[in-house]
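To start, the structure under review is shown below, and the notes come after it.
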Amino acid sequence: MASKSDVRLLMNDGNTIPVIGFGTYAPEYVPAADSEKAAKIAIDVGFRHIDGAHLYFNEKEIGRAIQEKIADGTIKRQDLFYTGKLWSTFHVPELIQSHVKQSLQTLQLDYMDLYLIHWPFSLKSGGEFMPVDENGKIIFDTNVDLCAIWEALEQCKDAGLVKSIGVSNFNRRQLELILNKPGLKYKPVCNQVECHPYLNQSKLLKFCKSNDILLAGYSVLGSHRHKDWVDQTSPVLLEDPVLAAIGKQYNKSPAQVALRYQIQRGVIVIAKSYNPERIKENIKVFDFELSSEDMKLIDGINRNLRYVAIPVFADHPQYPFKDEY
Ligand code: NDP
């Protein structure tokens, strides 16, 4: 069933994407079963876009949630938009189709609506999702051609395994590498990157818009602050007084203001919560509109603060965050 919150944007390949998505990553100590429960609640309250990934180790549970909501008549498959991602240990062009088929089987889906290269850097393929040497150092693969990976995604689209293809965590230079690839068949429809009022990505957003690529934001509420990834002394986005003051005017929470801000800038938002009340709260962002003054005030709190910098990958030549954007 179409939902009132199913507001969509047109992608450059003619398909559409719901502007708000439900994030499904949770740290390892959260049982995977919780993601199944949360995804069902998300669909019940109106989310029609689910953001997943092989790396999140819950494709089975998320797939079950989707199947259950189809079986009980809440949605039809075509109402739901599912995004999957190619993890960095699978950057072997000739194996990508079979890896996508494996994910589809785990998800119990015939196709994914969107498939992204999760990160531009490559890790040693096979075995562990985070391969390490005897000294505990992550083993990079530095010989991978990102254009060859992209061509494999184009073939997945042609084979009907995925409807649209895009990238994640690519900087401008890496996007240009794909856009300027000789013989490019399909442009990326989107680039999914960290984006919130403390890292508003205005330059990357402008570049993406000028190339008809949508920007999808993750950690839009200031990230789950995983202790291994996020500096625990960094400021907490949802405690920002500007977001609180603006929210007060509309009787909305700082989280709802942060989500609405992105939607009004044309950014797709992926919001994660496994808490039923907060899942409901996050979808209630279509019944108010921020004024242009509010938008400017929120622009003003940008501080180029990246929560998810993952410094363990910083020495990889394709680590995306050394360029300005
Ligand atoms: P978010 O910014 O979406 O969420 C952060 C935390 O905010 C959650 O842990 C949640 O906790 C809490 N929260 C949610 N709603 C509210 C609310 N209304 N009020 C107060 N707190 C709230 O962070 P993530 O970093 O998890 O990113 C979201 C999703 O984006 C991921 O799940 C994943 O799908 C995707 N992602 C993609 C990446 C990529 O490389 N492409 C990288 C990182 C994330 P609680 O559950 O307790 O409510």
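Both ligands and their constituent atoms are indexed starting at 1 by order of listing. Sequential numbering from 1 along the given sequence is applied to the chain's residues.
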Subject >> Any residue meeting salt bridge (charged side-chain N to carboxylate O under 4.0 Å, His left out) with Asp299, in chain and number order, not counting sequence neighbours >> reply: none
**OP:** Report the C-alpha separation of Asp231 and Arg306 in whole Å, then their side-chain angles, then the decisive distance to 0.1 Å, and conclude whether the salt bridge (Lys or Arg N to Asp or Glu O under 4.0 Å) test is met.
**Re:** CA-CA 10 Å; Asp231 173 1; Arg306 190 182 295 284; over 6 Å; no
**OP:** With Asp13 as reference, evaluate Lys163, Lys187, Lys157, Lys185 under the salt bridge (Lys or Arg N to Asp or Glu O under 4.0 Å) test and give the passing residue.
**Re:** Lys157
**OP:** Could you please provide the protein residues found below 4.0 Å of ligand 1 on a heavy-atom basis, arranged by chain and number?
**Re:** Gly23, Thr24, Tyr25, Asp51, Tyr56, Lys85, His118, Trp119, Ser168, Asn169, Gln192, Tyr218, Ser219, Val220, Leu221, Gly222, Ser223, His224, Leu238, Ala255, Ile270, Ala271, Lys272, Ser273, Tyr274, Asn275, Arg278, Glu281, Asn282
**OP:** If a pair satisfies ring pair (Phe, Tyr, Trp, His ring centres under 6.0 Å) and one of its residues is in residues 164-205, list it, with sequence neighbours excluded.
**Re:** His196-Tyr307
**OP:** Take Tyr82 and Tyr111 through the test ring-ring contact (aromatic ring centres under 6.0 Å, His included) and record every step on the way to the result.
**Re:** CA-CA 9 Å; Tyr82 180 84; Tyr111 63 89; 10.0 Å; no
Original post:
Quick one: ring pair (Phe, Tyr, Trp, His ring centres under 6.0 Å) pairs with a partner in residues 238-275, sequence neighbours left out?
Top reply: Tyr250-Phe288
